[in-house]
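This report concerns only the one structure given below.
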Amino acid sequence: MRLRFAPSPTGALHIGGVRTALYNYLLARKEGGTFILRIEDTDQSRYVPGAEAYILEALQWLGISPDEGPGIGGDYGPYRQSERKNTYQQYAQQLLEAGHAYYAFDTAEELEAAREKDATFKYDAGARMRMRNSLSLPGSEVEALLQNGTPYVVRMKIPQHETILIQDEVRGEVAFDSNELDDKVLVKTDGMPTYHLANIVDDHLMEITHVIRGEEWLSSTAHHVLLYRFLGWEDSMPTFAHLPLILKPAPESFLDKSSTPVLAARLTEEFARKMPEAADSLGGKAEQLALQILQDKKNLASGLKVKDKDDEGKAALKAFLKSALYGKLSKRDGDRLGFPVFPLSWKGSSEAESFIGFREYGFLPEAVINFLALLGWNPGDEQELFSMEQLIAAFSLPRINKSGSRFSIDKAHWFNQQYILKAPIEELAGQVAPLLKAQGHEPGQNFLYAFIGLMQERATLLTDFWENGYYFFEPPRGYEEKMVQKRWDPERSELFEALVNSLEGLPDFSAGAINTATEQFMEAHGLKFGEVLPMLRLANAGTMKGPAVFEMMELLGQEEVANRMRRAFKAFNQMVGA
RNA sequence: GGCCCGUUCGUCUAGGGGUUAGGACGCCAGAUUUUCAUUCUGGUAGCACGGGUUCGAAUCCCGUACGGGCUACCA
């Protein structure tokens, strides 16, 4: 069994692509097959330097590295389509000679004009003879055009009145009427093949047995089947499995009182940038209108439907909002909604083209894998947490769902939390240490392990260790105002100063000893836990959230604790105006 | 518009003729923890609609609605 993941190096690898790669990998591993990476770079205008390296690094980070591919090797290379140009030429020639393909000389302008005249224009059997190609033109003229170097493309000649049946592992049998199919371009003017030709030739030559790809390819699969037939490879045609798409999160999940106005403003701004005329026609009302639509939760869907009475501007805004709120998860969504949609961060040519990745956001690769595996597939039982080995053992094509699934960042967070919770401290240390170092801190191993031990069950993302536990390395940035106001009694300043002194004099600064000393102090002065512990916590951490206060103090150390407390009590007094 | 695919709690999903329609995330409440989190217990909430077929339909069939994909010399 040989499976390939065939991304186009046009930028960062989308999370949907990652899932496709994962499913290919899982099946290959389960069946003892080979997982191949092929770079589909036939569109030179869309080529983005660095994208291929990004893809490889992402797969490696996720633990689904290919067995064959560019930079890896294998017996079926080269694995970049741009390096296989001549191979495709040969098969295009074969198709031409067998009458399954023909030369077409129509210019881009001519095609555009045809589409303009008739919105439903299709380059098919009906239109073919009205266009300029080797079927409609006399042989001598074709010869002349070819001779004098007139640019041409090679088109596939679709036969009429045929039903093409596709056996899809996910969807079952899907039928297409060949009369609905257009004569797809096989070879472009620049001599490069299109995806359609290249993927068939490569899959055949690389002896691919199973094609697992996104649903967006289902429609063109009929063309692909025909191509296998024309090339005489139908007997060894791979098995197809078309994956459901990953969709944007449900609007209800991210539209709330505080985020809706922000989103409305952001989307209106984007709308104005993309459709300045429509936005102008709405004048200053665009944002208000957008907000209105977004706030009408119950009728969000129908609120987005364009009505006859809507003027052009409003209709355009609605259409824009709809595309921003529904449909396939896109790279923009990460920015709009504040979560990653790429495995790794991507540095584009501009701020707007740069995106933060799951890795940099603080996700563990195991969590991303687990989350993605279950988005569109499940083993049929109630297990949620899977190691890669378990996924490999449980995975199967028939259990892939047919319908698209919405991305949920909450669920992703939960998975990550689970993995942080059960990760060994030493392992987490390896992940967290670099994050601390980036903040200028390089704690010793004992301190680091203890810190992670205290924060582990309070972290959802790796970045939480620093975000929520920075005060283990630096003095608190401030003190929770409300809590100080509520709980700090300036008249107890001197009492607390005495507590600091006694803590300072402790021969053993362990959590247990601190606890005992504190209890003695409370007893001596008739104070309750609630009157003392919050003050200790606030003084040392600045926040009411965090690990057990005595353990926290032990790790901070005697001197640091004394300093922090003295400074804090002074600050508290100021805050309450004493 | 045309073609293709889909539709079970807000979300991810199990269930494929007889089920109190199960689980997970989220949310809510309670217990534990004098913080937060973890953990535990409970709750909330669903078969898009209309017709058939059948003794019986979430499940099979047809239609409608809705959603999605494709409709490029992009992949």
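Any value given below was found using the heavy atoms of this structure, including those in side chains, with hydrogens, waters and symmetry copies removed.
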Considering only atom [atom1], compute the distance from [N] to [M] and round it to an integer number of Å.
{"N": "B/C3", "M": "B/A45", "atom1": "C1'", "answer": "37 Å"}
{"N": "B/C60", "M": "B/G16", "atom1": "P", "answer": "10 Å"}
{"N": "B/G22", "M": "B/C62", "atom1": "C1'", "answer": "30 Å"}
{"N": "B/G23", "M": "B/U44", "atom1": "C1'", "answer": "16 Å"}
{"N": "B/G67", "M": "B/G42", "atom1": "C1'", "answer": "35 Å"}
{"N": "B/U64", "M": "B/G1", "atom1": "P", "answer": "13 Å"}

Distance-only, no hydrogens or angles: does the A/Asp333 side chain make a donor-acceptor pair with backbone N or O of A/Leu329 under 3.5 Å? no
So what does [X] touch, heavy atoms closer than 4.0 Å: a base, only the sugar-phosphate, or nothing?
{"X": "A/Ala119", "value": "nothing"}
{"X": "A/Phe176", "value": "sugar-phosphate"}
{"X": "A/Arg171", "value": "sugar-phosphate"}
{"X": "A/Leu533", "value": "nothing"}
{"X": "A/Lys328", "value": "sugar-phosphate"}
{"X": "A/Val185", "value": "sugar-phosphate"}
{"X": "A/Pro7", "value": "nothing"}
{"X": "A/Gln456", "value": "nothing"}
{"X": "A/Thr10", "value": "nothing"}
{"X": "A/Ser403", "value": "sugar-phosphate"}
{"X": "A/Gly376", "value": "sugar-phosphate"}
{"X": "A/Arg399", "value": "sugar-phosphate"}
{"X": "A/Ser8", "value": "sugar-phosphate"}

Does a nitrogen or oxygen in the side chain of [X] sit under 4.0 Å from OP1 or OP2 of [N]?
{"X": "A/Asn378", "N": "B/U13", "result": "no"}
{"X": "A/Thr42", "N": "B/A75", "result": "yes"}
{"X": "A/Arg115", "N": "B/A72", "result": "yes"}
{"X": "A/Lys188", "N": "B/A75", "result": "yes"}
{"X": "A/Ser405", "N": "B/U13", "result": "yes"}

Assign the ring pair A/Tyr54 / A/Trp346 to parallel, tilted or perpendicular, where the plane angle (0 to 90°) is split at 30° and 60°. perpendicular
For A/Arg80, is there an ion pair with A/Glu83 - N to carboxylate O distance below 4.0 angstrom? yes
Evaluate the side-chain proximity of A/Gln81 to A/Pro193: yes if any heavy-atom separation is below 4.5 Å, no if none is. no
Closest heavy-atom pair and its distance - A/Met156, A/Leu226: CE-CB, 3.5 Å
Heavy atoms only: give me the nearest A/Val549-A/Leu533 pair and the separation to one decimal. CG1-CD1, 4.2 Å
Within the modelled atom types, does a donor on one side and an acceptor on the other bring the side chain of [X] and the base of [N] under 3.5 Å apart?
{"X": "A/Arg537", "N": "B/U35", "answer": "yes"}
{"X": "A/Thr120", "N": "B/G2", "answer": "no"}
{"X": "A/Lys411", "N": "B/A24", "answer": "yes"}
{"X": "A/Arg458", "N": "B/C36", "answer": "yes"}

Picking from B/U39, B/G6, B/A24, the nucleotide nearest the side-chain atoms of A/Trp414 would be B/A24
For the side chain of A/Leu245, starting at C-beta, report the closest nucleotide among B/G15, B/G68, B/U38. B/G68
Using heavy atoms to find the nearest nucleotide of RNA chain B for A/Glu384 and A/Tyr195 separately, return the residue whose nucleotide is more 5′. A/Glu384
Whole-Å gap separating C1' (B/C73) and CE (A/Met156): 16 Å
Could you give the distance from OG1 (A/Thr10) to CG (A/Asp41), rounded to the nearest 0.5 Å? 10.5 Å
